[in-house]
Each structure stands twice: as structure tokens, then as C-alpha cells.
There are 2 protein chains.
Amino acid sequence: MRASQRVYEQLRAEIIDGDLPPGQVLAEVEQSQRFGISRTPVREAIGRLAAEGLAEQQGGRGVVVSEVTVDDITPLFEVREALDIQAARLAALRGNPAEFTALADQLESVAKDFDTGPVHHDSSAAYYDLVEQMDRAIDSAAANPWLDAASSTVRMQLARVRRLAAHDPSRLAAAAREHAQIARAVSTGSAQLAEAAVRLHLSNALKSALAKAPPHPPAPEQADADQVAAASSS
Amino acid sequence: MRASQRVYEQLRAEIIDGDLPPGQVLAEVEQSQRFGISRTPVREAIGRLAAEGLAEQQGGRGVVVSEVTVDDITPLFEVREALDIQAARLAALRGNPAEFTALADQLESVAKDFDTGPVHHDSSAAYYDLVEQMDRAIDSAAANPWLDAASSTVRMQLARVRRLAAHDPSRLAAAAREHAQIARAVSTGSAQLAEAAVRLHLSNALKSALAKAPPHPPAPEQADADQVAAASSS
DNA sequence: GCAGCCATCTGTGTATACATTTGGGGCACG
DNA sequence: CGTGCCCCAAATGTATACACAGATGGCTGC
């Protein structure tokens, strides 16, 4: 595989996983030494990261991992809402009803598992797998490459902020039922119903995420991140 | 300015304007000679173009200007619909009503100009300027950087396909009224009304665009672009 | 004469060296 | 002692050189 591709995927994974924290400088020479390659492919990889918003120029000198705070959750959800709703609408119109009926059944089954007893790792893993499966099914049914591309960027950013607001296990059952409702709505072929189901789910998901980490209500003094960090560590 | 930036902007403009037609190969050495610089910044510029979908890899060897056909109009409008609706909804909630009231008044005034007599170049230029002004006002009021970024990509592609479906002068008056309705709806602060106005406008705009260049109805044989080109030239 | 294989050649992928710019630190002056 | 300017150093931006892969054309064997 091309070296630039490897470096890009590696750096992207490290940024999303939080191994490279926001504000971390991505020096070309440093990374090239770390990966044992030259600056050229590293430079290309960092350029792609910057284009996707995972990194950004620090003045004219240096690229740093971009900041993501709880304040970004709401704007990101606004974009996700627009894209997911449209994807669900199109999937309702174009998708294979049987496929989504099956997904809805499986999701409801998982939701019942969550009800009966404590949440096992197996069942939650099965749930996440089903959600990913449904996302792929919706994207595939929507059959719109540009929609996929736009969703991809937003989902990457959301994967980062998900670390900021640890999910609530007690919401798993409700979330599973919401996902089942989405699949069921898509299977009916009604764009309006699909839109309503997605809107409902995202509204609840956003509320849950913000409940854990409420956005900064007041901003009396305009202190930058460094000053805040210094103050909290003192 | 950085050479890579100049080359990027130049190539992007040439692709959007159609000076570099779809399928045109973007050879690094060729472009570097044309701009009188080395391959390195040209490579970076082409990489950015590929990331935005204006160019794409040609089977591992070479990058070519990406194809855009009338068949892409509908998918692009589907994404645009999702993003523009959300932007208008947010602008309705957060924007300054007076600003959009003023825009609505100006747009209605232009629409009346279109009615009274033949369309002059001045009035159509003023109209396009107002539309651009309103787009910026909506984006600004929505105050969502990620929404802006997603819209930017789609708008760039739409600028390309606009060349495929020359706009209808007789629709200018109706389009101006639709834009005025959007501004008016945003000024009322009703997200639902704004959504309806945008949806109506885009539906009409898409219909008009497709009327000029209907999508390929049947595809009896699955011939790729090269074969089609070869057949038509023989 | 045709088909398959090999050489060559063009073009991208990577490495390295040079230029430029920016940011900071130190020194001098007020 | 504070402030401002200048010099330097480090990191990015650009250029050039090398390596490799894929395609194309000719050549040879059948």
C-alpha cells in the first residue's frame, strides 16, 4: 500500500481515538521519523487530515490536531440531522422493504434483550453491529455518492466527540427501539415517516449527549485553551 | 501566495468553467511545466481537487477531471436540498428578521423588473448578486461551519452541471419570486415555513434543469464512457 | 499472419536537498 | 527596567533526483 495512505489512516485513527489529543502538533519531520519514511507522504497525509477538518493550520507555521468540544456537538448534530433525514427519506423511496423489515425485527429483539437483564457486552456489540449494518443499508438504498461523502466527514467528527460524552447504558434499550422504528419506517416506504423517526432519534440522542456534558453556558472572560488548561492545572 | 494554492485555484476554476473537460488527464509534469513550477505543489493541488471530487484516480495511473453528466443533477439536488433546508431552518431560528425582510423586498423588486420588460443584463446580474447575498446571509445566520463546508462541495459540483443545463430566462421571474419567498419565510422565524419555501424552490429549479436535459431514460447496454465516445466518433 | 512475450518508456510515488517564512529570544536603547 | 528591533533557528514550502509500476510497442516464435 502507498506510504501516504498508511500514514493517513494511522494518524486519522489516532486522532479519532484520542491518542493524538486536540492541540497536538503534527510536525512533518517528527512524523516522518516515527513512521520511518520521508516528509513527502507525511505531508500529503497531513494535508488530507486538514482538508477533512481533523487538523488545521496553526498560523502559517505548523499543523495541529483540531479542537472538538462539547460545544461542537449541537452543530454537528444539525448537519447529521439534515443528511440522515435525507438518506432515510431516499432509502424509504428506493430501498427493499424486506431488508429493513428484517433489520427492524432484529433491532427490536436486541431491545428486548436490553430490557430483560443487565447489558452484556455481547448484546451491546450485536446492537452496534446492527446499527452499522442499518446505516450501510440506508446509504446503499439511498444510492447517492455525494450524500455518502458528506455523511462520512460528519460521522468522523462525531466519532471524536463521542469520546467527550460517554454514552449512557440505560439509554441503550430506548436507542435500539428508536433504530428499530427507523428501520420500520423505511420499510414502509414512507419518506415522511422515515424523516420523523430519524428526527425523533437524533433529538433524543442529542439530548442524552448534552445531558452528560452540557455546553459552556457563560463565557465571562475570553480565555483561550492554554490559559484555561493552565488555570485548571494550577 | 503559495504556489500550490495558486495552481489549485487555477485548476479548480478551469474545471468548473469547463476549460478542462471531464476525462482530461491532469499530468503532474505537464501542469508543472505549464505553471513553471515543480511537480510538488502541482501534486498537492491535484490531491486537493481529487479530495473534493473534481478529479479522480484513473485506475492507479493518472488523475483525470471527473465526469459530470445530467444524471448527476438529481443526486446533487438531493444533497443540496438536505443542506439548504437545514441552513434555512437554522437561519429562520437564529437570523436577524430585518435583514431577510430587506432581502425579500429587493428580490421582489427584481422580480417585478423581470415582468415589465425583456430581461436586461443589468437586472439579471443584480438578481444573481442578490441570490449570492442571500446565500451568504443564510449561511452566516445558520452559524454552522460544518454545514458551510458540506454545502461548499455540493455547490462546486452544481456550478459544473449548471453548464450542462443552460438556464431558462423565462424562469428568472419565477425563480426571483421563489427566492423572495425563502427570504420572507426566514424573516418570519418559522423553520417549517423556511423549509417549505426552499423545498418548493429546489423542486422547481430541478424540474427546470431536467426539462432542458432529461436524464438518459434507458440504458439497454452497459457501455462505459470510453466505449460510448469511441462509438460516437466512429 | 497472429499471438504472446519482453523491452522500453512514460508517469507516478518517494526521498533528499535547498529556499523561504515565521516565531522567539536576546541585545540595545530609551 | 521596559520596550522594540534584529538576528537566528526551526519548520514549512519548493525543487530536483531516484525508484518503481503500468502500459505500449515491437519482435519473435508458432
Side-chain angles (χ1 to χ4, degrees), chain A residues 1-12 14-15 20-67 223-227 229-230, chain B residues 1-15 20-67 224-227 229-230 233-234:
Chain A
M1 183 183 296
R2 299 209 310 268
S4 61
Q5 184 73 9
R6 279 196 321 110
V7 174
Y8 164 73
E9 291 176 0
Q10 178 72 24
L11 287 178
R12 185 181 65 175
E14 289 180 1
I15 291 175
L20 289 174
Q24 173 73 259
V25 293
L26 294 175
E28 295 175 1
V29 281
E30 174 192 346
Q31 299 302 323
S32 63
Q33 288 171 357
R34 183 159 79 96
F35 288 102
I37 60 178
S38 78
R39 276 180 52 210
T40 311
V42 170
R43 182 179 177 76
E44 183 172 327
I46 291 178
R48 289 179 63 182
L49 293 172
E52 295 176 16
L54 292 178
E56 52 189 359
Q57 294 282 119
Q58 176 89 324
R61 180 162 172 166
V63 174
V64 301
V65 177
S66 63
E67 295 279 346
D224 62 18
D226 289 341
Q227 289 173 329
Chain B
M1 180 182 297
R2 299 209 308 270
S4 62
Q5 184 73 9
R6 281 195 320 109
V7 173
Y8 165 73
E9 291 175 1
Q10 178 72 24
L11 287 178
R12 186 181 65 174
E14 288 180 2
I15 291 175
L20 289 173
Q24 172 73 260
V25 292
L26 295 175
E28 294 175 3
V29 281
E30 174 191 348
Q31 299 302 324
S32 64
Q33 288 170 356
R34 183 159 79 96
F35 288 102
I37 60 177
S38 78
R39 275 182 51 209
T40 311
V42 171
R43 183 180 178 76
E44 182 173 329
I46 291 178
R48 289 179 62 181
L49 293 172
E52 296 175 14
L54 291 177
E56 53 189 356
Q57 293 283 120
Q58 176 84 330
R61 175 163 175 160
V63 175
V64 301
V65 177
S66 64
E67 296 278 345
D224 64 16
D226 290 339
Q227 290 173 328
S233 64
S234 63

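FYI, side chains are in, hydrogens and waters are out, and symmetry mates aren't considered; it's all heavy atoms of this structure. Order of the sequence lines fixes the chain letters, A, B, ..., with proteins taken first and strands second; residue numbering starts at 1 for each chain.
- Nucleotide C/dG11 holds its C1' atom 14 Å from the CG atom of B/L26, rounded to whole Å.
- To the nearest 0.5 Å, atoms CZ (B/R48) and CZ (B/R12) are separated by 8.0 Å.
- Residues B/Q24 and B/E14 fail the side-chain proximity criterion, which asks for heavy atoms closer than 4.5 Å.
- A side chain to side chain contact (heavy atoms under 4.5 Å, CB included) with A/V65 holds for exactly one of A/L54, A/L11, A/I15, A/L49; it is A/I15.
- A/E28 places its CD atom 15 Å from the C1' atom of C/dA17, with the value rounded to the nearest Å.
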Derivation of the side chain to side chain contact (heavy atoms under 4.5 Å, CB included) call for B/V63 and B/V25
CA-CA 6 Å; B/V63 175; B/V25 292; over 6 Å; no
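- Of the residues in residues 34-54 of chain B, those lying under 4.0 Å from DNA chain C by heavy-atom distance are B/R39, B/R43.
- Judged by distance alone, with hydrogens and angles left aside, the side-chain atoms of A/S66 form a donor-acceptor pair with the main-chain N or O of A/G53 at under 3.5 Å.
- Residue A/Q33 contributes atom CD, which lies 12 Å from atom P of D/dT12 at whole-angstrom precision.
- Residue A/Q31 contributes atom CD, which lies 12 Å from atom P of D/dA11 at whole-angstrom precision.
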For A/R34 and A/Q10, run side-chain hydrogen bond (donor to acceptor under 3.5 Å, both in side chains): C-alpha distance rounded to whole Å, both residues' side-chain angles, the deciding distance at 0.1 Å, then the answer.
CA-CA 12 Å; A/R34 183 159 79 96; A/Q10 178 72 24; over 6 Å; no
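- For A/V29, whose side chain is taken as the heavy atoms from C-beta onward, the closest listed nucleotide among D/dA11, C/dT14, D/dT14 is D/dA11.
- Looking at A/E30 and A/F35, their side chains never come closer than 4.5 Å, going by heavy atoms from C-beta outward.
- What separates CD of A/Q58 from P of C/dG23 is a distance of 9 Å, to the nearest Å.
- Taking the side chain as every heavy atom from C-beta outward, B/I46 and B/E28 approach each other to under 4.5 Å.
- Here A/S4 reaches the OP1 or OP2 of C/dT14: one of its side-chain N or O atoms lies under 4.0 Å away.
- Taking five base pairs at each end of the helix from C/dG1-D/dC30 to C/dG30-D/dC1 and finding the rotation axis that steps the C1' atoms of four pairs onto the next four gives two axes whose angle is 10°, to the nearest 10°.
- Note that the CD atom of A/Q31 and the CZ atom of A/R39 stand 12.5 Å from one another [nearest 0.5 Å].
- Remark: P of C/dT12 and CD of B/E30 are 9 Å apart, rounded to the nearest angstrom.
- Taking atom CD on B/Q57 and atom C1' on D/dG22, their separation rounds to 14 Å, with Å as the unit.
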